Amino acid sequence: MAEKKKVIEMRNIVKNFFIGEPNELHILKNIDITVEEGEFVSIVGQSGSGKSTLMNLIGALDRPTSGYYALAGHNIADMNDNGLSDIRNQQIGFVFQTFNLIPRSSALRNVELPMLYSGIPTNKRTKKAKELLEMIDMGDRVDHMPNELSGGQKQRVAIARAMANDPAIILADEPTGSLDSSTGRMVMDIFHKLHTEQGKTIVLITHNPELAEETQRMLTIHDGRIVGEKIM
């Protein structure tokens with residue numbers, strides 16, 4: 001049986017701030033994480049545990065102080081800022097707690113945006129964006145602006161946008177944090193559907209152990225270290 005591809009490979013990851021100064025902060029301490037293609041993994045930790053810093057590193061929004069990180073086989077240390085921007089666009093689909101939709105663009109245009117940056121022609125962008133919105137039961141909202149959508153609808157648009165370039169990984173940072181429990185349940189059901197039906201690799205960052213326990217594997221971060229791993 002062929003070995004599964006490693007989508008995320010982190011070894012001895014350290015992240016410090018104010019390096020060399022008297023108030024230097026040691027945020028992440030020798031983090032080792034491997035996520036294989038098709039896994040649904042959660043990283044759970046309380047505020048101040050280092051999970052937001054770790055999320056920024058996984059998402060190539062920041063660089064580690066030291067250690068090795070390969071995303072979909074690409075060594076992050078070898079990339080300049082333009083290279084990091086490209087890999088974020090092509091390999092990672094971001095879903096944030098605050099949705100991060102463009103206020104003056106319709107649901108359709110928001111979903112098209114990552115494909116625009118990738119140089120995909122207009123007709124192909126529009127066709128795929130409509131298909132993605134249909135997939136998450138938002139086909140009747142394509143022309144709605146974000147301020148015309150509920151929180152749950154905004155998050156569904158954000159998930160469709162995250163899928164636009166068929167990324168190697170969906171990185172979801174507290175995706176239900178701004179939603180009521182029933183709407184949050186619907187959003188988690190979409191993630192489960194993407195995982196089981198499309199085999200998507202998903203990393204869920206959360207402070208909620210109950211959500212984390214819905215995933216295949218739960219990593220617990222505390223004081224900048226991975227202190228536990230639980231297979232569901």
Side-chain angles (χ1 to χ4, degrees), residues 2-10 33-43 55-61 69-76 78-79 81-97 99-102 105-139 141-142 153-173 175 186-205 215-217:
E3 185 180 350
K4 281 197 173 182
K5 187 167 122 187
K6 293 174 183 173
V7 180
I8 291 170
E9 188 175 6
M10 289 184 151
I33 295 175
T34 299
V35 177
E36 294 181 341
E37 191 174 36
E39 273 198 288
F40 192 170
V41 176
S42 55
I43 299 171
M55 195 277 307
N56 286 338
L57 296 186
I58 292 173
L61 296 165
Y69 177 32
L71 173 63
H74 302 275
N75 186 346
I76 294 301
D78 293 341
M79 296 188 169
D81 289 346
N82 286 337
L84 285 183
S85 178
D86 288 343
I87 202 170
R88 283 194 299 268
N89 187 44
Q90 295 297 323
Q91 301 291 346
I92 307 170
F94 291 96
V95 181
F96 297 100
Q97 177 178 346
F99 320 126
N100 286 18
L101 299 180
I102 296 172
S105 293
S106 66
L108 184 71
R109 296 293 174 240
N110 267 283
V111 176
E112 283 186 25
L113 193 61
M115 295 182 276
L116 173 67
Y117 290 141
S118 294
I120 294 172
T122 303
N123 58 339
K124 288 187 177 180
R125 289 200 312 265
T126 302
K127 181 174 183 289
K128 184 165 186 183
K130 285 180 177 177
E131 289 171 355
L132 288 168
L133 287 166
E134 287 282 354
M135 181 188 75
I136 49 135
D137 296 325
M138 288 287 289
R141 297 283 191 274
V142 292
Q153 289 170 334
K154 289 176 187 175
Q155 196 60 295
R156 280 190 277 166
V157 172
I159 293 169
R161 180 185 59 190
M163 294 283 292
N165 281 331
D166 194 25
I169 175 176
I170 295 174
L171 184 58
D173 182 25
M186 178 182 63
V187 166
M188 283 301 292
D189 288 344
I190 293 172
F191 285 127
H192 286 297
K193 184 177 179 181
L194 292 174
H195 175 242
T196 57
E197 295 183 8
Q198 298 192 22
K200 282 293 172 189
T201 308
I202 303 173
V203 175
L204 171 71
I205 313 286
T215 66
Q216 293 176 310
R217 186 159 57 98

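These figures come from a predicted structure and were not determined experimentally.
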List in chain and number order the residues that pass side chain to side chain contact (heavy atoms under 4.5 Å, CB included) with [X], two or more places apart in sequence or in another chain; answer none if no residue qualifies.
X	value
Thr126	Leu108, Arg109, Glu112, Thr122, Lys130
Lys124	Ile120, Pro121
Ser42	Leu204, Ala212, Thr215, Met218
Thr34	Lys6, Glu9

Find out whether [X] and [Y] are in side-chain contact, i.e. whether some heavy atom of one side chain is under 4.5 Å from a heavy atom of the other.
X	Y	value
Leu71	Ile92	yes
Ile43	Ile58	yes
Met138	Val157	yes

List in chain and number order the residues that pass salt bridge (charged side-chain N to carboxylate O under 4.0 Å, His left out) with [X], two or more places apart in sequence or in another chain; answer none if no residue qualifies.
X	result
Lys127	Glu131
Glu39	Arg217
Asp78	none
Lys128	none

### Query
Does Asp86 have any side chain to side chain donor-acceptor pair (under 3.5 Å) partners at least two apart in sequence or in another chain, and if so, which?
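Scan of Asp86 (side chain to side chain donor-acceptor pair (under 3.5 Å), adjacent residues dropped) gives none.
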### Polar side-chain atom of Asn110 near backbone of Ala158 as donor-acceptor pair, under 3.5 Å
no
Let me have the donor-acceptor pairs involving side chains of residues 159-168, under 3.5 Å, with sequence neighbours excluded, atom names and distances please.
from, atom 1, to, atom 2, distance (Å)
Arg161, NH1, Asn100, O, 2.7
Arg161, NH2, Phe99, O, 2.8
Asn165, ND2, Asn89, O, 3.2
Asn165, ND2, Asn89, OD1, 3.3
Asn165, ND2, Pro114, O, 3.1
Asn165, ND2, Ser118, OG, 3.1
Asp166, OD1, Lys200, NZ, 2.5

#### Entry: ring-ring contact (aromatic ring centres under 6.0 Å, His included) partners for His195, two or more places apart
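Counting only residues at least two positions away or on another chain, His195 forms a ring-ring contact (aromatic ring centres under 6.0 Å, His included) with Phe40.
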### Query
Listed by chain and number, what are the ring-ring contact (aromatic ring centres under 6.0 Å, His included) partners of Tyr69, not counting sequence neighbours?
none
